[in-house]
2 protein chains.
Amino acid sequence: MGAKRRRRVMAQLDQAAQACVRAGAQMTDLRRTVLRLILEAEGPATAYELLDRLKRTRKGAVPPTVYRALDFLMAQRLVHKLERLNAFVPCAETGHQHMAQFLICRECGTVAEIEDRAAARALEHAAGREGFQPRHTVIELEGTCAACSHPASG
Amino acid sequence: MGAKRRRRVMAQLDQAAQACVRAGAQMTDLRRTVLRLILEAEGPATAYELLDRLKRTRKGAVPPTVYRALDFLMAQRLVHKLERLNAFVPCAETGHQHMAQFLICRECGTVAEIEDRAAARALEHAAGREGFQPRHTVIELEGTCAACSHPASG
DNA sequence: ACTGATGCGATATAACATAACATATGGCAT
DNA sequence: ATGCCATATGTTATGTTATATCGCATCAGT
Ligand SMILES: [Zn+2]
Ligand SMILES: [Zn+2]
Ligand SMILES: [Zn+2]
Ligand SMILES: [Zn+2]
């Protein structure tokens, strides 16, 4: 089970590297490592959690080390920041631009990235009516996920 | 011009106090003062900005003092937190429950609270499809406001 | 070689938020 | 009146998240 997942992570890293080439951006060792740590994480990872893991292989890593990598990865749309959690997750749909939307479960901590076009359109229109040009949109729904709603039936 | 605004703030404070009574919540001096500081602020106010102002009249105020008041005011839906800015604004539409939506201008810092029912419905439906029950939703559009988009025509 | 852009190292500090325990107050049952 | 509980706030300390700034190395274009 671990092997399959590792292969998937590797494939995602390669995809990400190719996307960077296409965008004229440099996927360095550091950035690739931080992205790998995020991909390998079970859920959202905070900057300092990533830093701790990064330190295992990169002795001198300090906060700016990881924040710089995160800034790059966010600019490339390879990862998203969850503002409610101050934590980072891989983009579930890299490659095409989208208005990321998240469902964050308070019970189990699970985060799901969804993409509801109707909601995105509605917000774009609402902004347009105000003459507002959105550059970055945060949409995070915090509550109870399906699994945690059901009283463990079975 | 200042007098008019002060009267409006006072009216808002009284409304807020009444809402608290209806909700069985205690609008204490401290909480009222923090709400007043938020209402008087020109724009979004951070917790530490509020703390600094609070200290002028409440000598021993420390971070927990203001964070507790903010927690109360948020629970009463009298203020919102802007997650992108770690800052607080008064609710523009107190009294009726709503999915707050914000337009945050990067240029001038202006924040507008809007309420687009179509977007809210779409997100509720999207969550429902996933079996997710939202309790709190963050919607923040960051970009350029109408005033800042126009090259100062005149 | 010179220059500018980028990536990263390294140190320090700023900004944001909470834990944990103490004290005060008021309502209420005995 | 006394004891008890809940709520609000005081108090001290700490934890967590993020940035500023300066320096060095590399590399591409000139
Ligand atoms: Zn995404
Ligand atoms: Zn859950
Ligand atoms: Zn509101
Ligand atoms: Zn503006």
Side-chain angles (χ1 to χ4, degrees), chain A residues 16-17 20-21 23-35 37-38 41 44-55 57-76 78-89 106 109 136 138 140 142, chain B residues 16-17 20-21 23-35 37-38 41 43-55 57-76 78-89 106 109 138 140 142:
Chain A
C20 287
V21 170
Q26 294 184 48
M27 177 59 96
T28 64
D29 276 356
L30 171 63
R31 291 160 175 178
R32 186 182 168 94
T33 300
V34 173
L35 178 55
L37 293 173
I38 293 170
T46 70
Y48 279 74
E49 285 168 357
L50 294 169
L51 175 57
D52 285 344
R53 291 168 204 165
L54 183 60
K55 279 176 177 167
T57 57
R58 208 178 178 98
K59 204 69 183 311
V62 287
T65 313
V66 68
Y67 278 106
R68 284 165 179 159
L70 288 169
D71 285 346
F72 173 86
L73 294 170
M74 285 190 289
Q76 301 305 313
L78 296 169
V79 315
H80 297 296
K81 178 176 182 183
L82 298 171
E83 297 290 342
R84 281 288 287 177
L85 304 180
N86 293 320
F88 302 83
V89 290
R106 284 178 178 168
H136 179 70
V138 174
E140 299 176 13
E142 201 179 344
Chain B
C20 286
V21 170
Q26 294 184 48
M27 177 59 98
T28 62
D29 276 358
L30 171 63
R31 290 162 175 175
R32 185 183 169 94
T33 302
V34 172
L35 178 56
L37 294 173
I38 293 170
T46 70
Y48 278 72
E49 286 168 355
L50 294 169
L51 176 56
D52 284 345
R53 292 168 204 166
L54 183 60
K55 278 177 179 165
T57 58
R58 208 176 178 101
K59 203 72 182 313
V62 286
T65 313
V66 68
Y67 278 107
R68 283 166 178 159
L70 288 168
D71 285 346
F72 172 87
L73 295 170
M74 285 190 287
Q76 300 304 313
L78 295 169
V79 315
H80 297 296
K81 177 176 183 184
L82 299 171
E83 297 290 342
R84 282 288 288 177
L85 304 180
N86 293 321
F88 301 83
V89 290
R106 285 178 179 168
V138 174
E140 298 176 13
E142 200 178 345

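Computed from a predicted structure; not experimentally measured. Here is how names work: the chains are called A, B, and so on, in the same order as the sequence lines, proteins then strands, and each is numbered from 1. Atom set for the values below is all heavy atoms of this structure, side chains included, hydrogens, waters and symmetry mates excluded.
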- Query: Listed in order of residue number, which residues of residues 80-89 of chain B have a non-hydrogen atom at under 4.0 Å from DNA chain D?
  - Reply: none
- Footprint ends on DNA chain D, 5' to 3', for atoms under 4.0 angstrom from a heavy atom of chain B, come out as D/dT7 to D/dT12
- Message: Measuring from atom CZ of A/R53 to atom OH of A/Y48, what distance do you get when rounded to the nearest 0.5 angstrom?
- Response: 15.0 Å
- Gap separating the CG atom of A/N86 from the CD atom of B/E83, nearest 0.5 angstrom: 8.0 Å
- Query: What do the steps show when you test B/I38 against B/L50 for side chain to side chain contact (heavy atoms under 4.5 Å, CB included), and what is the final call?
  - Reply: CA-CA 7 Å; B/I38 293 170; B/L50 294 169; 3.8 Å; yes
- Message: So, taking the atom named CZ in B/F88 and the one named CG in B/L37, what distance separates them when rounded to the nearest 0.5 Å?
- Response: 13.0 Å
- Message: Taking any atom closer than 4.0 angstrom to a non-hydrogen atom of chain A, what span of DNA chain C does the protein reach, first nucleotide to last?
- Response: C/dT6 to C/dT11
- Which heavy-atom pair separates B/P44 from B/G109 by the least distance, and what is that distance? CD-O, 4.1 Å
- Query: At what distance, to the nearest 0.5 angstrom, does CG of A/L35 lie from SG of A/C20?
  - Reply: 8.5 Å
- Donor-acceptor under 3.5 Å (A/E49 side chain, A/T46 main chain): yes
- Quick one: pull up OH in A/Y67 and CE in A/M74 and give me the separation to the nearest 0.5 Å. 9.5 Å
- Note on the structure: With sequence neighbours left out, the residues meeting salt bridge (Lys or Arg N to Asp or Glu O under 4.0 Å) with B/E140 are none
- Among residues 59-69 of chain B, which residues get a heavy atom nearer than 4.0 Å to DNA chain C? B/P63, B/P64, B/Y67, B/R68
- Item | Heavy-atom side-chain proximity of A/V138 to B/R84 below 4.5 angstrom | yes
Donor-acceptor contacts, no H, no angles, side chain residues 23-34 of chain B, under 3.5 Å, sequence neighbours left out:
from	atom 1	to	atom 2	distance (Å)
B/T28	OG1	B/R31	N	3.3
B/R31	NH1	B/Q26	O	2.8
B/R32	NH2	B/D14	OD1	3.4
B/T33	OG1	B/D29	O	2.8

- Separation between CG (A/D71) and CD (A/Q76), nearest 0.5 Å, reads 11.5 Å
- Message: Both A/D71 and B/D29 contact DNA chain D. Which one's nearest nucleotide lies toward the 5' end?
- Response: B/D29
